[in-house]
> 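One structure is given below, represented as structure tokens, and several questions about it will come after.
In what follows, chains carry the letters A, B, and so on, assigned in the order in which the sequence lines appear, proteins first and then strands, with residues in each chain numbered from 1. Being a predicted model, the structure only gives us computed values, none of them experimental.
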Amino acid sequence: MAGESHHTGSPSALVRVSHGTVVRGTSTIWSDLNLEVFPGEFTAILGPNGSGKSTLLQVLLGRMPLAGGSAEVIGAAPGARRADIGYLPQHRAITAAERIRAIDIVGLGLTGARWGFRIPGTGTAEARRERAQIHEALDLVGASHYAQRAFGELSGGEQQRILIAQAIVRKPAFLLLDEPLDSLDLPTQASVVALIREVCTHQQIGVLLVAHDVNPLLTALDQVLYIANGHALQGAVDQVITSSQLSALFGMPIEVLTAADGRRVVIGTPDAPHHHGHRHSDGHGHG
Amino acid sequence: MIQMLSYPFMQHAVIAGTLIAVMSGTLGWFMVLRRQIFAGHTLSTMSFPGATAALVVGIPLAMGYYVACICAAIAIGWRAPTRHLTGPLSSARIGTIQVVGFATGFTLLGYSTHILGGLDQLLFGTFLGIDRTQLIILIAMTCVVVVIIACIGRPLVFASLDPELAEAVGLPVRALDIGFLILLGVVVAATAQITGALLVFALLVTPPAIAQRLTARPAQGMIVSAGIGVALIWLSLICAYFSVYPLGFFTTSIGFAVYVIVVVVQRSASGLRAVHV
Ligand SMILES: Nc1ncnc2c1ncn2[C@@H]1O[C@H](COP(=O)(O)OP(=O)(O)O)[C@@H](O)[C@H]1O
Ligand SMILES: [Mg+2]
């Protein structure tokens, strides 16, 4: 496990939620949620639509209080270390960026929240350092060769790489990605997952990625957090993704098949329809 | 041509036109980026109810312009903390505001007989009758607008492109939304007095539309947009000076022609590239 060696070196988790409960209005979204994420660890948050996955990210960003239990992010209260968190929201209105260069979109991740302006001729060393940082992020996601083009001219996969570069340009300790695989075709999903895995390992960033279909992620993950029916279940992939664990959590029969090469395929969870998952798991056995 | 500038009224017109073009070119760039073109159009029509109301109530015309535009800006920009400005509901709201504005304008028109003379001024402005006070107000306003945009430009670009993320990193997206509309309203009110209600919108939308085709860099886009606006106004003033047609005719038609030329040139250039590849 990629994160395992790190646990002994630095015992401090990036994220620690214990017995967390969230209430919205009068309804409890989930309760008794436990989660630990360590540097260099890739964790997926899975579960049907409306189960409270995005809500968990809001809690970690400090934008939503816990009604019970406790949460700690990078050793502080949620929200206190927001500058050290890279965040990629769900459903963004980024279409407005059609006529803005991709590199400027990445730059906003670094300096977008800065008020005021630089008097021309001053602070050139800082400007140079920022430019280098932006190019480093673009290199890391393999987007340098289309960074000068307008964002609207890029393909869905290229846009997603640019948005990931934007999320990591500050060199965050911790990355929150809300459904970054949405609306990407399967080969692109696979390459984006591989990219996130690489960034996670090489930069020793803790990654929390929200998805509603586990299959494209299975080989890259260190651990999963399933949320369903107001309950949550965290653990390593081979402990949690078993027929008995998932069937108990969802309250319905769920099958986990093991393919010839040892990969697992989850069949029967809501949002991951039968035929879809099955067919593609056969077709994409090579990864 | 040099002789044209020897008249004080032409000097004033050139200076005022330049200042107006700089302000509307810059704010228009954000308006187009934010896809608030309908909101911008509604603000430019607000000078009509503003002026008629001012004439009926008996306050200075200028005050009517400012009050109407700022009220409309707040009405358009107000939103619940968790909602964002785009979406079908918001354009329905903007449409309603525009209709209410027109209805108010026409209703008040019936209450006053001496408005008709003012109506001409309302639509076509008083470009050749700008006095020193107006000029000083415009100079001050341009300085303020440029400094404000320089200070909030980066967060405003961020909040315009990605309100969700901007809010998550702690930017006051809501304040930026409404603040931008109020700034736009003030500039529209000042511009409409001089160019008339019809030309305001052309100056707000044409230069940024051309600029966005020419460059995809934000800072450059704003500067190019303002520059195109200035060139457009100067050219129109020269044409209007030597002909019988009004300024607005030249501004709109030259602007449109430039836009079409840019589009055609870019299309054929990319067509050529495609052939070579
Ligand atoms: N602003 C809100 N106010 C009240 N309830 C909300 C709000 N946003 C989401 N919810 C509810 O919270 C639940 C969890 O939402 P969410 O975290 O977005 O789910 P997911 O990301 O897993 O699809 C849903 O049942 C949704 O109806
Ligand atoms: Mg969600």
> Of the non-hydrogen atoms in A:T111 and B:R154, which two are nearest, and what is the gap between them?
O-CD, 2.8 Å

> Which of the residues B:G153, B:P218, B:A159 is involved in the greatest number of heavy-atom pairs with chain A at under 4.5 angstrom?
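Most heavy-atom pairs under 4.5 Å with chain A: B:P218.
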
> Non-hydrogen atoms of chain B under 4.5 Å away: do they reach the side chain of A:R114, the backbone, both or neither?
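It is both, since atoms from each part get that close.
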
> Please output the residues of residues 14-32 of chain B in contact with chain A, using a heavy-atom cutoff of under 4.5 Å, in numerical order.
B:W29

> Looking at B:F158 and A:A113, what are the two nearest heavy atoms and their distance?
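Looking at all heavy atoms of both residues, the closest pair is CD2-N, 4.0 Å.
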
> Any side-chain heavy-atom pair from A:W115 and B:L171 closer than 4.5 angstrom?
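In short, these two side chains touch, coming nearer than 4.5 Å.
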
> Which atoms of B:A166 are under 4.5 Å from chain A, going by heavy atoms: the side chain, the backbone, both sets, or neither?
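Neither part, no heavy atoms under 4.5 Å.
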
> For residues A:R63 and B:A168, report the shortest heavy-atom separation together with the two atoms involved.
NH1-CB, 3.9 Å

> Could you state the interatomic distance from OG1 (B:T215) to CZ (A:R101), rounded to the nearest 0.5 Å?
7.0 Å

> Where on B:L176 is there a heavy atom nearer than 4.5 Å to chain A: the side chain, the backbone, both, or neither?
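Interface part for B:L176: side chain.
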
> Roughly how far, to the nearest 0.5 Å, is CD of B:Q212 from CD1 of A:I100?
6.5 Å

> Under the side chain to side chain contact (heavy atoms under 4.5 Å, CB included) rule, what do A:I105 and B:D162 come out as? Steps first, then yes or no, please.
CA-CA 10 Å; A:I105 305 268; B:D162 202 341; over 6 Å; no

